[in-house]
There are 2 protein chains.
Amino acid sequence: MTKAYNNHDRLLVAVDCIIFGFDGTEIKALLVKRSLEPEKGKWSLMGGFVSAKESVHDAATRVLENLTGLDNVYMEQLHCFGDVKRDAAGRVISVAYFALIKLDDYKEALLQKHQASWHSLHKIPAVVFDHKKMIALSLERLQQKAIAYPIGFELLPTKFTMQQLQALYEAVYNNSFDKRNFTKKILSLNILNRLTEKEKTTSRKGSFLYTFDKKKYNLLKKQGIKLL
Amino acid sequence: MTKAYNNHDRLLVAVDCIIFGFDGTEIKALLVKRSLEPEKGKWSLMGGFVSAKESVHDAATRVLENLTGLDNVYMEQLHCFGDVKRDAAGRVISVAYFALIKLDDYKEALLQKHQASWHSLHKIPAVVFDHKKMIALSLERLQQKAIAYPIGFELLPTKFTMQQLQALYEAVYNNSFDKRNFTKKILSLNILNRLTEKEKTTSRKGSFLYTFDKKKYNLLKKQGIKLL
DNA sequence: GCAAAAGTGTTTTGTCTACACCCATGA
DNA sequence: TCATGGGTGTAGACAAAACACTTTTGC
């Protein structure tokens, strides 16, 4: 490095991951028991420090993989939190990311290792530092996102019923929709494949299973949709 | 500070400001000639380092004020750019902000001091590092923002004509709209006060001047609108 | 045969789009 | 009086919202 910048302060830079999952009824966020002082043992987002040799995004990916064992997960940057006193133990700026994962995909052993557990968004416990703000902002972002881009693929199992998909959107918006209108709208997007297979555990009649058409889904992820 | 974090790397953290203005026809961005090595003398966004004693947001505000002499400007965080090699001279992460200002409000002397000038978005010169990405992303954000929130107040003079407002939206979307439909839509938002005063320089008949109703405008800024 | 969830269409309402003429004024 | 830009309304297309009954099948 040249000496050009030598007279400037260097700061600790962290990443924190807001990890959302959907259990069929509720949106949940993954919290861990903080493993460091200060505030050790309290509920916290999963985080870590950015090293000099990795990009901020890579750091977030690493942290997410450490906790869940998953790579190739949908993750986007949320916001950089840079208040001077946001971390009680010193000057740390944190770049928050939010990730969407299929709730059944995580590795149970890893979660236990980090004393992690899923918390309904309506019952988030007290969390350290400004993590509450991060969670609130990420929920807003998720809602905005879901208006303009499809999110089902990231949060639902590969095969799912129309009911599950609708329940997801109802959970995101904390609202309920008309079944017929919802089905019509979703099908008109042309991103679903209806399987001949049926899910028979929830009703006698059984409901069709769907999968996302990956190509069309990804196209809409780029182009945007107009849902709601 | 406790010693808890002592074994982690510390990084240089910068802010860069994308400053947009509207000249009645075009959206323009304010660029400066970079005053530091490396790349000294090349076009760049206005930036600066975050010191240990100020928040990231305060640093951005400071940088913006240094350049324009303005405080109380609309500014929001865009994105944190954290690639390892984004700055040729060393590891610097940068938090980009975008600001909207009334183009006539800046202090000419300050602009000269920083060798700053306004550049049409269609004719952005080569800029240092990843600033091109920052500008591109900020334009996307401006467009998204303008769909969901009113932006006229930040970019137009206090009193403005319907034509100016429409020209602003046409510039943002690089598109043209039907005059009647545009007027109807905007007026239906109920955020404008029509003055009895008329602007008479552009036509014989003269066109009504409007101001924003600050209260209603701010309400919509929170609640969101649906424009376009 | 009945309980429980699944699947499906139509009507109404509101919103978006396209489109053209008269008005006021200064020169 | 005429040239210039300013202001205004309506009809048709399209999308959104409201709304209820029939189907399947395991028990």
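Each chain gets a letter, A, B and so on, in the order its sequence line appears, and its residues count up from 1.
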S.K.: Can you check the A:Arg204 CZ to D:dC27 P distance for me, whole Å?
M.R.: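 One finds 6 Å between P of D:dC27 and CZ of A:Arg204, rounded.
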
S.K.: May I have the step-by-step check of side-chain contact (heavy atoms from CB on, under 4.5 Å) for A:Tyr97 and A:Ile19, ending in yes or no?
M.R.: CA-CA 8 Å; A:Tyr97 281 78; A:Ile19 304 169; over 6 Å; no

S.K.: Between A:Arg62 and A:Glu65 (salt bridge meaning N to carboxylate O under 4.0 Å), is one present in this structure?
M.R.: no

S.K.: Nearest-Å distance, CG (A:Asn181) to P (C:dT11)?
M.R.: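 A:Asn181 atom CG is separated from C:dT11 atom P by 15 Å.
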
S.K.: Check the phosphate of C:dT8 against A:Arg194, side-chain N and O only, distance under 4.0 Å to OP1 or OP2. Yes or no?
M.R.: yes

S.K.: Does any donor atom in the side chain of A:Glu199 or A:Thr161 lie under 3.5 Å from an acceptor atom in the other side chain?
M.R.: no

S.K.: Got a donor-acceptor pair under 3.5 Å from the side chain of A:Lys198 to the base of D:dT23?
M.R.: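 No.
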
S.K.: C:dT8 C1' sits how many Å from A:Gln166 CD, rounded?
M.R.: 14 Å

S.K.: Between B:Lys184 and B:Met162, who's closer to the 5' end of DNA chain D by nearest nucleotide?
M.R.: B:Met162

S.K.: Check the distance between D:dA15's P and A:Ile225's CD1 and give it to me in whole angstrom.
M.R.: 15 Å

S.K.: Report yes if at least one side-chain N or O of A:Lys200 is closer than 4.0 Å to OP1 or OP2 of D:dG26; otherwise report no.
M.R.: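 Checking A:Lys200 against D:dG26: at least one side-chain N or O falls below 4.0 Å of OP1 or OP2.
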
S.K.: Heavy atoms from C-beta onward define the side chain here; which of C:dA27, D:dC19, D:dG6 lies closest to that of A:Asp178?
M.R.: D:dC19

S.K.: Record whether the side chain of A:Lys205 comes under 3.5 Å of the base of D:dT23 through a donor-acceptor pair of N or O atoms.
M.R.: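 Yes, a donor-acceptor pair under 3.5 Å.
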
S.K.: Is it the case that the side chains of A:Ser138 and A:Glu140 hold a donor-acceptor pair, with the cut-off being a distance below 3.5 Å and no angle test?
M.R.: no

S.K.: Can we say A:Asp178 and A:Arg180 salt-bridge, meaning some charged N sits less than 4.0 Å from an Asp/Glu carboxylate O?
M.R.: yes

S.K.: Rounded to whole Å, how long is the line connecting atom CZ of A:Phe208 with atom P of C:dA5?
M.R.: 18 Å

S.K.: Could you check how far CD of A:Glu199 sits from C1' of D:dT25, rounded to whole Å?
M.R.: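 About 15 Å, once rounded to whole Å.
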
S.K.: Return no unless some side-chain N or O of B:Gln163 is found under 4.0 Å from OP1 or OP2 of D:dG5.
M.R.: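 Answer no for this pair, as no side-chain N or O of B:Gln163 is under 4.0 Å from OP1 or OP2.
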
S.K.: Look at all strands and tell whether A:Thr202 reaches a base, only sugar-phosphate, or nothing, counting heavy atoms closer than 4.0 Å.
M.R.: sugar-phosphate

S.K.: Side chain of B:Arg180: nearest nucleotide among C:dT25, D:dT23, D:dT8?
M.R.: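 For the B:Arg180 side chain, the nearest candidate turns out to be D:dT8.
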
S.K.: With heavy atoms under 4.0 Å as the rule, sort B:Lys179 into base, sugar-phosphate or nothing.
M.R.: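 B:Lys179: base contact, heavy atoms under 4.0 Å.
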
S.K.: Whole angstrom is fine here: how far is it from NZ in A:Lys185 over to C1' in C:dT8?
M.R.: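 Distance check: A:Lys185 NZ to C:dT8 C1' gives 18 Å.
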
S.K.: Return the value, rounded to whole Å, for the distance between atom CZ of B:Phe182 and atom P of C:dC16.
M.R.: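 So the CZ-P distance, B:Phe182 to C:dC16, works out to 14 Å.
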
